[in-house]
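Keep in mind that the numbers below use all heavy atoms, side chains included, and drop hydrogens, waters and symmetry copies. In each ligand, atom 1 is the first atom listed, and ligand 1 is the first ligand listed.
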Amino acid sequence: MKPDLFEAPDYYNLDELLSEEHKLVRDAAREWVKRDVSPIIEEYAQKAEFPNQIIGGLAEIGAFGPYIPVEYGGAGLDQISYGLIMQEIERGDSGVRSTASVQSSLVMYPIWKYGNEEQRQKYLPKLASGEWMGCFGLTEPDHGSNPGGMVTNFKDMGDHYLLNGAKMWISNAPFAQVAVVWAKNEEGRIHGLIVERGMEGFSTPETHNKWSLRASATGELIFDNVKVPKENLLPNKSGLGAPLGCLDSARYGIAWGAIGAAMDCYDTALRYSKERIQFGKPIGQFQLQQKKLAEMITELTKAQLLTWRLGVLRNEGKATSAQISMAKRNNVDMAINIAREARQMLGGMGITGEYSIMRHSMNLESVITYEGTHDIHLLITGLDITGLNAFK
Ligand code: TGC
Ligand code: FAD
């Protein structure tokens with residue numbers, strides 16, 4: 001892969017909206033990605049393997065629990081810093097950002113928000129340091145967009161719960177020590193359970209042959225009469241709103257992350273357009289190529305503004321789930337379109353691993369599907385503005 005020459009586009013001087021702390025956090029993550037992710041990521045994506053050696057670095061830049069309080073090992077940062085870290089990591093690779101998103105917003109967040117003090121003390125510091133990795137089991141083979149229909153269930157056996165069922169498409173599953181699993185009790189109420197690797201009847205087969213998110217490990221979670229200790233039930237929230245609350249936090253991170261992937265594609269195409277000569281001129285001098293670049297930076301800038309404002313609302317505790325859905329949907333769509341246009345600008349070179357664009361493009365096919373598909377987020381906006389529910 002080519003050396004990482006990334007220069008971040010900032011067409012509307014958005015740096016002026018950031019605090020010194022935001023910039024320090026962002027720049028540390030940016031440097032780390034340049035040093036420890038860019039040189040190896042293409043190789044790991046090609047061989048479809050998660051680069052375990054970066055776990056310590058992710059912990060050091062605060063990517064595991066950026067907004068979790070310091071007393072639990074988190075970085076104690078605000079929502080804009082959290083977003084900027086996700087942006088920088090996904091600038092490197094969406095699969096690496098996935099690992100950080102799942103660890104922070106889908107594993108640490110529910111333990112912090114819905115767990116008791118013993119659970120927080122037991123799990124959060126180890127997850128923040130990367131000593132333990134986690135995964136989040138919501139999706140099932142027959143219940144993806146409609147998680148409320150899940151069939152994974154647990155029975156109260158007096159001194160423990162007995163868990164049965166299966167989850168599919170689970171990021172980090174093949175190597176996670178801890179799984180936050182959503183299952184129905186005998187009354188059909190959804191609860192979160194912490195399942196640990198090594199519990200009898202619990203297995204995590206890896207999903208192979210992905211053309212997307214290849215540097216992220218994906219797998220199934222299979223529960224065959226797993227005895228889960230009663231103290232592993234998350235006691236402070238139940239119902240579908242509990243996992244969906246975690247998704248709000250993760251979808252917000254994805255909105256920022258998608259900007260990172262788009263920035264990298266735009267920056268690569270801009271540089272290439274000045275270097276590549278055809279018909280005796282740099283291709284950037286042709287109007288058709290300028291149109292592509294001008295539209296890219298326009299859409300990127302709009303997404304940056306939308307997302308920064310969402311971050312301010314999140315810091316004030318005022319962002320709605322529907323606002324988060326709009327940003328996730330808009331930004332991933334923006335990024336996938338920029339990746340497609342940028343790839344064309346590189347001609348044949350655009351399909352090779354010499355450049356990051358094709359990898360981003362393929363990764364974004366997962367990002368536009370997980371955490372709620374493009375269409376599901378549109379229907380969430382539709383419900384919010386009309387009051388009429390297309391899901392019922
Ligand atoms: P519905 O009846 O609307 O809602 C059920 C209850 O949940 C509440 N609620 C929310 N609470 C918090 N945050 C949200 N975003 C919420 N949305 C809804 C709602 O108020 C209600 O509460 P209550 O107290 O009245 O019971 O539910 P529904 O069954 O009609 O479904 C709605 C729908 C389709 C929007 C939702 O289920 C959905 O978002 N589907 C998409 C599924 C999804 O996003 N799955 C993601 C799996 S995890 C993943 O992909 C990780 S990838 C990670 C990575 O690698 O980065
Ligand atoms: P389906 O729900 O079957 O949807 C198929 C199509 O139908 C989509 O286009 C959808 O938009 C459309 N559709 C569905 N319902 C409606 C409707 N009411 N109206 C209109 N159109 C509709 N899940 C986890 O729990 N944890 C994870 O860590 C995780 N990681 C993932 C990693 C990867 C790489 C991938 C690809 C997925 C991951 N997922 C994870 C699962 C992901 O959240 C689901 O794939 C996603 O929610 C969609 O579910 P589905 O694939 O079953 O598609």
Would you confirm whether Ser81, through its side chain, and Asp78, through its main-chain N or O, come within 3.5 Å as a donor-acceptor pair? no

Salt bridge check: are Lys318 and Glu316 linked by an N-O gap of less than 4.0 Å? yes

Charged N-O contact under 4.0 Å between Lys122 and Glu118: no

Heavy atoms, side chains only, cut-off 4.5 Å: are Met133 and Thr99 in contact? yes

When you measure from [atom] to each heavy atom in [options], which option holds the nearest one?
| atom | options | value |
| --- | --- | --- |
| atom 38 (C) of ligand 2 | Phe136, Phe391, Trp169, Trp182 | Trp169 |
| atom 53 (O) of ligand 2 | Ser145, Cys246, Gly219, Ser366 | Ser145 |
| atom 19 (N) of ligand 2 | Thr218, Val107, Thr207, Leu379 | Leu379 |

Is the shortest N/O to N/O distance between Arg97 and ligand 1 below 3.5 Å? yes

Under 3.5 Å between some N or O of ligand 1 and some N or O of Lys392? yes

Within reach of ligand 1, part of Ser321 (heavy-atom separation under 4.0 Å): side chain

For ligand 1, does Leu213 get within less than 4.0 Å through its side chain, its backbone, both, or neither, judged by non-hydrogen atoms? neither

Less than 3.5 Å between some nitrogen or oxygen of Thr139 and one of ligand 2, yes or no? yes

For ligand 1, which atoms, with element, lie under 4.0 Å from some heavy atom of Leu106? 51 (C)

Counting from 1 in the order shown, the ligand 1 atoms closer than 4.0 Å to a non-hydrogen atom of Asp248 are 13 (N), 14 (C), 15 (N)

Nearest-neighbour protein heavy atom for atom 46 (C) of ligand 2, which is reported as residue plus atom name and distance: Thr369 O, 3.5 Å

Taking a hydrophobic cluster as the set of Ile, Leu, Val, Met, Phe, Trp and Tyr residues connected by side-chain heavy atoms closer than 4.5 Å, whether directly or through intermediates, do Tyr44 and Val102 fall within one such cluster? yes

